[in-house]
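Below, chains carry the letters A, B, ... as their sequence lines are ordered, and counting in each starts from 1.
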Amino acid sequence: MERDKTPRAYDPAALEARWQERWEADGLYRPEPDPARPKHYALTMLPYPSGDLHIGHWYAISPSDARARYMRMQGYNVLFPMGFDAFGLPAENAAIKRNIHPKEWTYANIDRMRGQLRRMGTMIDWRHEAVSCDPEYYRWTQWFFLQLFAGGLAYRKRAAVDWCPSCNTTLAREQVIGDERVCERCETPVIRKELSQWFFRTTQYAEELLDFSGLDWPERVRTLQERWIGRSEGARVIFRTEQRRTEQGDPLEIFTTRPDTLWGATFMVLAPEHPLVSKLTTDDRRAEVEAYVEKAVHQTDIQREAADKEKSGVFTGGYAINPVNGERIPVWIADYVLMSYGTGAIMAVPAHDQRDFEFARKYGLEIRPVIVSEGQELPVPEAMDKALSHEGAMVNSGPLTGTPADQVYEKVVDYLEKNGLGRREVGYRLRDWLISRQRYWGAPIPIVFCPQCGPVAVPEDDLPVLLPDDIEWRPTGESPLKLHPTWRKTTCPACGGEAERETDTMDTFMCSSWYHLRYLSPQYDQGPFDPSEYRAWMPVDTYTGGVEHATMHLIYTRFFHKACRDLGIVQGDEPMLQLRNQGIILGEDSEKMSKSRGNVVAPDALVDRYGTDTVRAYLMFFARWDQGGPWNSKGIEGTSRWLRRVWNLYMEPAEGTGGDTTKLRRKLHQTLHRVTADFAALQFNTIIAALMELLNEMLQARPQLAGTPAWDEAKDLYVRMLAPIAPHLADELWHELGHRDSIHLQSWPEVDEEAAQNEEITLVVQVNGKLRDRVSVPVGLGEDQLREAALATEGAQRFTEGLAIRKVVVVPGRLVNIVAG
RNA sequence: GCGAAAGUGGCGGAACCGGUAUACGCGCUAGACUUAGGAUCUAGUCCCGAGGAAUCGGGUUGGGGGUUCGAGUCCCCCCUUUCGCACCA
């Protein structure tokens with residue numbers, strides 16, 4: 001038939017290059033702030049310029065682009081920018097390994113990746129590109145640091161910090177991964193070091209960070225953040241220590257979530273690093289205590305873990321007084337108590353806490369139950385689970401003995417507060433953000449250390465504090481900033497005397513906490529962003545990216561936004577309203593992609609072979625986007641076939657014999673309905689499936705309906721629906737239909753609800769819940785008519801024969817279930 | 001150990017509010033066109049049984065129980081997998 005006329009063949013390579021050039025020349029994707037239209041800021045997490053755009057980048061970016069394009073067709077003024085998170089260790093590692101300057105390496109990679117990104121056929125507006133290692137970018141990263149510093153949110157503190165011996169730098173707590181406590185980047189086990197470092201007060205925002213109201217974020221990310229922040233309600237209680245030499249010793253504060261069990265505290269435990277340890281230790285215990293402290297402090301955490309989690313500790317010889325009953329209880333130290341949580345000290349209630357219980361058993365300390373379940377004598381150690389509950393009544397608890405356990409908490413805390421022995425307190429697992437890095441390739445912390453004035457902020461006018469280019473790499477892996485002969489030497493901005501620069505740089509998560517703001521006006525030099533652009537675009541409406549950032553970037557950027565809000569720099573409580581995560585693409589062997597496994601999918605090769613549009617479409621189709629899954633190199637053939645069939649449908653001349661167009665129009669508008677809903681919900685795989693179905697329907701209808709107005713309508717709408725997915729092909733087909741302007745300037749079509757309506761429905765006839773027949777009936781029949789129609793079917797007759805009909809359930813528009821027996 | 005999510009054909013996956021399970025695609029089978037095809041087109045393809053066939057009957061959403069006229073979907077128990085956290089007082 002028409003096939004023999006061999007229409008122009010689909011040649012994605014030529015067609016895609018042509019359209020990309022034309023879009024660029026026409027400035028098709030350059031939104032300007034427009035108060036007349038609703039805005040939509042579509043943001044996708046920016047890549048690190050590692051060298052090549054890999055399939056994971058494509059998976060994150062191209063469906064996000066399709067969604068942004070859809071929003072644009074829906075009438076939104078859409079900003080979809082891109083940039084590079086360009087500071088970081090890989091550049092330094094490359095420098096050491098290949099003797100190439102990090103700057104050179106980074107910018108070469110960015111150039112390469114920009115080219116690869118352009119092949120993707122996105123609507124990225126490159127006028128908004130921002131690169132975090134540009135001096136004009138990190139000038140403002142430093143500026144933000146100074147604002148936080150001035151606002152009291154950045155501070156320097158000497159503390160035990162996590163140190164990666166391979167990367168030669170400190171890490172934020174979030175960057176230490178898993179049971180083995182390894183570096184998130186190189187997987188080297190992390191060690192502890194005592195250092196003076198810069199921190200941001202993220203903990204000050206712990207409570208607010210738990211509030212997700214108004215945010216459309218995945219449950220999963222919210223849960224991860226909630227757990228990471230780790231709120232727990234309890235009380236701070238002041239014990240008194242009893243020291244050998246002084247009668248009244250120092251106060252010893254503890255945090256507990258179970259003040260109701262205060263009468264069950266039979267000993268105290270301090271973290272080995274606790275400041276009171278030395279004072280409390282008696283002479284006869286000193287040698288042993290010091291040995292234990294020495295071991296605990298200098299041990300790496302991994303070694304601590306390796307001790308099979310069996311508790312260990314030593315008695316200090318000191319005692320403390322329980323404020324509620326005046327009892328004198330021994331003070332121990334043990335490494336299961338962490339200096340970094342609460343006050344670094346606990347009251348141990350072995351009868352009602354698993355950890356204290358294990359410790360008490362090992363060292364033969366008293367276990368005294370204070371809550372007993374009804375009907376139970378006293379909890380035996382084997383029944384700890386029961387004993388740990390709040391249920392039951394108090395025993396051994398002085399004036400509260402006999403009180404139902406669930407009433408005690410409030411009574412105890414009231415009592416403590418009234419008598420100055422403690423107060424309600426909320427504890428958080430979240431720590432302040434350690435931002436110092438002992439590395440070269442990062443934004444220098446704009447601080448000068450003056451022997452007279454202490455740490456002094458570099459004046460804003462002197463920003464950026466530039467990285468020196470003439471650097472030297474030593475095999476020790478130490479920061480070249482520290483080794484530079486002159487860079488650190490400067491004068492104090494306050495007194496003018498000789499002073500030294502901070503040689504640490506900032507965690508790159510600092511750079512990425514505000515990139516969405518720099519995108520708005522990357523050339524702006526009066527501030528980090530142009531306020532009028534801020535008003536036009538912020539907040540981010542849809543943010544897409546990997547879930548691996550749930551407890552790092554996504555907490556930091558929220559903190560950063562809230563801190564800046566309180567400093568008067570930005571408005572609103574949250575930077576990103578809607579968040580969606582894509583899954584991970586595995587290799588064909590269902591394993592994580594890696595060069596060593598040889599299962600890496602190279603997008604460039606796929607684009608060469610199938611074209612960008614096919615790769616984009618397949619990425620949307622092959623799995624649920626939020627789940628990802630193993631790659632299938634055969635599967636992409638199906639998507640490729642689909643687009644070729646679409647192409648042929650438009651290119652092959654066809655003349656129909658005429659016929660009823662109702663069915664085609666119904667399918668068309670039902671498809672439009674589905675596709676619209678699925679784009680809104682970022683459910684890409686079902687969009688493609690729906691379009692494939694519609695194509696099949698159109699191909700079937702073609703011999704009759706080609707040339708009818710309904711046929712032309714279908715062709716028109718099909719291109720519009722295809723436009724966000726396969727933008728090049730769609731524009732080509734659009735022009736083939738005789739249009740002169742771009743499909744990407746067209747609007748998203750409206751569903752013709754009437755056309756989408758079914759005239760007839762297939763009524764399902766069940767007998768006792770089993771499918772027995774189907775009958776086609778006009779839509780809108782009443783229950784009685786449906787019942788009759790169903791009862792009249794052959795299947796209903798046959799399966800109810802000889803049975804009494806007890807009940808008939810009619811579900812209008814769907815089915816009739818005949819209950820017979 | 002704690003927490004979260006998920007278990008549907010050979011595979012990736014569909015299924016609105018509890019209402020025709022397996023859409024769409026891959027793969028596979030048969031056929032057509034071809035010198036050829038890893039191109040294209042057509043038909044078929046959850047499992048079991050009966051029949052030459054159209055068709056007919058039974059079963060099926062990890063396993064077991066429950067609610068309901070009706071359960072992939074809701075409830076309870078169990079199993080498995082993946083991810084996250086890991087002495088947080």
For nucleotides 66-70 of chain B, give me every protein contact, N/O to N/O, under 3.5 Å, one pair per line with atom names.
residue	atom	partner	partner atom	Å
rC69(B)	O2'	Asn817(A)	ND2	3.1
rC69(B)	O2	Asn817(A)	ND2	2.6

Any residue of residues 789-802 of chain A with a heavy atom less than 4.0 Å from an atom of RNA chain B: Arg798(A), Phe799(A)

Protein-nucleic acid N or O pairs under 3.5 Å, nucleotides 7-15 of chain B:
residue	atom	partner	partner atom	Å
rG12(B)	O2'	Phe622(A)	O	2.2
rG13(B)	O3'	Asn685(A)	ND2	3.2
rA14(B)	OP1	Asn685(A)	ND2	3.0

Residue Leu771(A), side-chain atoms from C-beta onward, closest of rA89(B), rA21(B), rG25(B): rA21(B)

Salt bridge check, Glu219(A) against Arg222(A): does any charged N sit closer than 4.0 Å to a carboxylate O? yes

Dump every N/O contact between nucleotides 32-37 of chain B and the protein below 3.5 Å, one line per pair.
none

Does Arg220(A) have a side-chain nitrogen or oxygen under 4.0 Å from the phosphate oxygens OP1 or OP2 of rC83(B)? no

Against the side chain of Lys634(A), the closest entry in rC41(B), rA21(B), rC26(B) is rC26(B)

Cut-off 3.5 Å, side chains only: do Asp773(A) and Gln797(A) have a donor facing an acceptor? no

Note, RNA chain B 5' to 3' with Watson-Crick or G-U pairs under 3.5 Å encoded as ( ), [ ], | and . gives (((((((..(((......[....)))((((((.......))))))(((((....)))))..(((((..]....))))))))))))....

Which residues pass the ring-ring contact (aromatic ring centres under 6.0 Å, His included) test with Trp433(A), not counting sequence neighbours? Phe200(A), Tyr556(A)

With a cut-off of less than 4.0 Å, is there a side-chain N or O of Lys770(A) near OP1 or OP2 of rG59(B)? yes

Name the closest nucleotide to the Arg429(A) side chain, picking from rG19(B), rA23(B), rC85(B). rC85(B)

Taking the P atom in each of rG72(B) and rG64(B), what is the distance between them to the nearest angstrom? 13 Å

Does one side chain, of Asp356(A) or Tyr336(A), offer a donor that lies under 3.5 Å from an acceptor on the other? yes

